[in-house]
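Report on one structure; see the data block that follows.
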Amino acid sequence: MIRYLQARLLALVLVLALMSVIVFSFVHLIPGDPVVAILGTEVDQATQQALRHAMGLDRPVLEQYVLWVGRALRGNLGESVRTHEAVSAILAQKLPVTLQLTAAAMIVGVCIALPAGVLAAVRRNSAIDLGAMGVALGGVSIPSFWLGVMLILLFSLHWRLFPSIGYVPVGRDPGDALRHIVLPALTLGLGLAGALTRMVRSDVLEELGREYVRTARAKGLRFARVIGRHILRNALLPTLTVLGVQVSVLLGGAVITEQIFAWPGVGQLIVQAVQSRDYPLLQGAILIVAALAAAVQLLVDVAYALMNPRIRFG
């Protein structure tokens, strides 16, 4: 097990190193001068040179990268060009909001996908199966921006059940916070549910044909108990891996969803950074999101190894 963890940690370090190169190269891949892109062409040369020196763009590229990585490892991601606040401080405020939305979307996706996938597998080729697969296909195919707008029109403007935009901290008013998070969580969670439902159905169908299932049924165990105690325990292992991958999809989808629902998280922050050409803030936000997605994938791999001892020797 220790060997497996060492291998996964080494892979994580390599992934983060590659991501740091990609994120750092973002500014240097912009056509023209990044300082001119930030300040515009009407600013005098002295102001441009001062910003260029503050961002370290007057140094060799390799030296810039080493300094940037060194500061990032110490928690210093630079300073926002627009607000002059520390990027790490801004992300510390915005990241918990996005994680709250991501967790709520995962809960929605799992709560829909698990029973739907199991029912579709048990009632194979029935109306339940066809209906579940149709909904799953729709969840995967429908764009999140269209779904979010439709949910606002239906549940906010027509039925007036939930607020259309805004965010309320849980500590201030838990009930109001729950009402504000329902529509954004549904927008992200339905797409996740579509992908997971198909995966759960496929894995449960595969497990239903195993010999241990027939043996358990021959011993007189109830079918519901066989599914809960035996089939799901094995069928959810591949689904767990897919769920870990989908976290990256949720974080990426949050960029659009947060903009639609005025959710003040990292996704909305990235859009604002692009619009204001705040490249230090954009670099820091993308790096943190990438590191978070890689860390979640590592936790999923470790959980997979704990649930399946054969993986430890892989």
Side-chain angles (χ1 to χ4, degrees), residues 12-99 101-102 145 165 167 248 251-296:
L12 176 63
V13 171
L14 294 177
V15 169
L16 292 178
L18 179 60
M19 284 304 305
S20 69
V21 173
I22 296 174
V23 173
F24 174 79
S25 302
F26 177 78
V27 170
H28 297 276
L29 292 176
I30 300 173
D33 190 348
V35 173
V36 175
I38 294 172
L39 298 178
T41 56
E42 298 179 359
V43 179
D44 58 90
Q45 291 291 332
T47 304
Q48 293 182 11
Q49 189 60 32
L51 180 59
R52 185 175 290 106
H53 179 73
M55 295 179 64
L57 296 177
D58 54 350
R59 302 185 180 187
V61 176
L62 183 59
E63 183 181 351
Q64 292 179 41
Y65 173 74
V66 172
L67 292 174
W68 181 72
V69 170
R71 290 194 298 265
L73 291 175
R74 295 192 299 270
N76 181 7
L77 296 173
E79 186 180 277
S80 170
V81 176
R82 181 168 55 92
T83 64
H84 302 290
E85 296 181 69
V87 172
S88 56
I90 298 175
L91 292 175
Q93 297 176 355
K94 301 294 185 179
L95 188 59
V97 181
T98 294
L99 292 180
L101 177 58
T102 302
F145 62 86
I165 60 173
Y167 165 77
S248 303
L251 292 172
V255 174
I256 299 175
T257 303
E258 289 182 4
Q259 193 69 12
I260 294 173
F261 292 96
W263 193 264
V266 177
Q268 190 183 66
L269 184 68
I270 290 176
V271 174
Q272 293 174 352
V274 171
Q275 292 174 344
S276 61
R277 297 175 179 176
D278 195 341
Y279 297 118
L281 180 59
L282 185 60
Q283 281 181 307
I286 294 176
L287 181 64
I288 290 299
V289 170
L292 182 62
V296 169

In Å and rounded to the nearest 0.5 Å, what is the [atom1] to [atom2] distance from [X] to [Y]?
X      : Y     : atom1 : atom2 : result
Asp278 : Ser80 : CG    : OG    : 3.5 Å
Gln283 : Met55 : CD    : CE    : 7.0 Å
Ile288 : Leu77 : CD1   : CG    : 5.5 Å
Gln49  : Leu51 : CD    : CG    : 9.5 Å
Asp58  : Glu63 : CG    : CD    : 9.0 Å

- Message: Can you list everything that forms a ring-ring contact (aromatic ring centres under 6.0 Å, His included) with Phe24? Sequence neighbours excluded, please.
- Response: His28, Tyr65, Trp68
For the student: nearest non-hydrogen atoms of [X] and [Y], plus distance:
X      : Y      : result
Glu79  : Pro280 : O-CB, 3.5 Å
Ala285 : Ile270 : CB-CG1, 3.8 Å
Ala291 : Leu16  : CA-CD2, 3.5 Å
Gln48  : Val35  : O-CG1, 3.5 Å
Gly267 : Thr98  : N-OG1, 4.0 Å
Arg82  : Ser276 : NE-OG, 3.5 Å

- Query: Given the rule in the side chain to side chain contact (heavy atoms under 4.5 Å, CB included) test, do Val255 and Val271 qualify, once you have shown the distances and angles that lead to the verdict?
  - Reply: CA-CA 7 Å; Val255 174; Val271 174; 3.7 Å; yes
Heavy-atom side-chain contact between [X] and [Y] under 4.5 Å:
X      : Y      : result
Leu67  : Arg59  : yes
Leu39  : Thr47  : yes
Leu251 : Val296 : no
Leu292 : Leu95  : yes

- Residue list, salt bridge (Lys or Arg N to Asp or Glu O under 4.0 Å) with Glu42, at least two apart or on another chain: none
- Quick one: list whatever passes side chain to side chain contact (heavy atoms under 4.5 Å, CB included) with Glu85, sequence neighbours left out. Thr83, Ile90
- Backbone N or O of Ala17 within a donor-acceptor pair of the Ser20 side chain at under 3.5 Å? yes
- Test Val274 against every option in Leu269, Leu282, Leu281 by the side-chain contact (heavy atoms from CB on, under 4.5 Å) rule and name the one that passes. Leu282
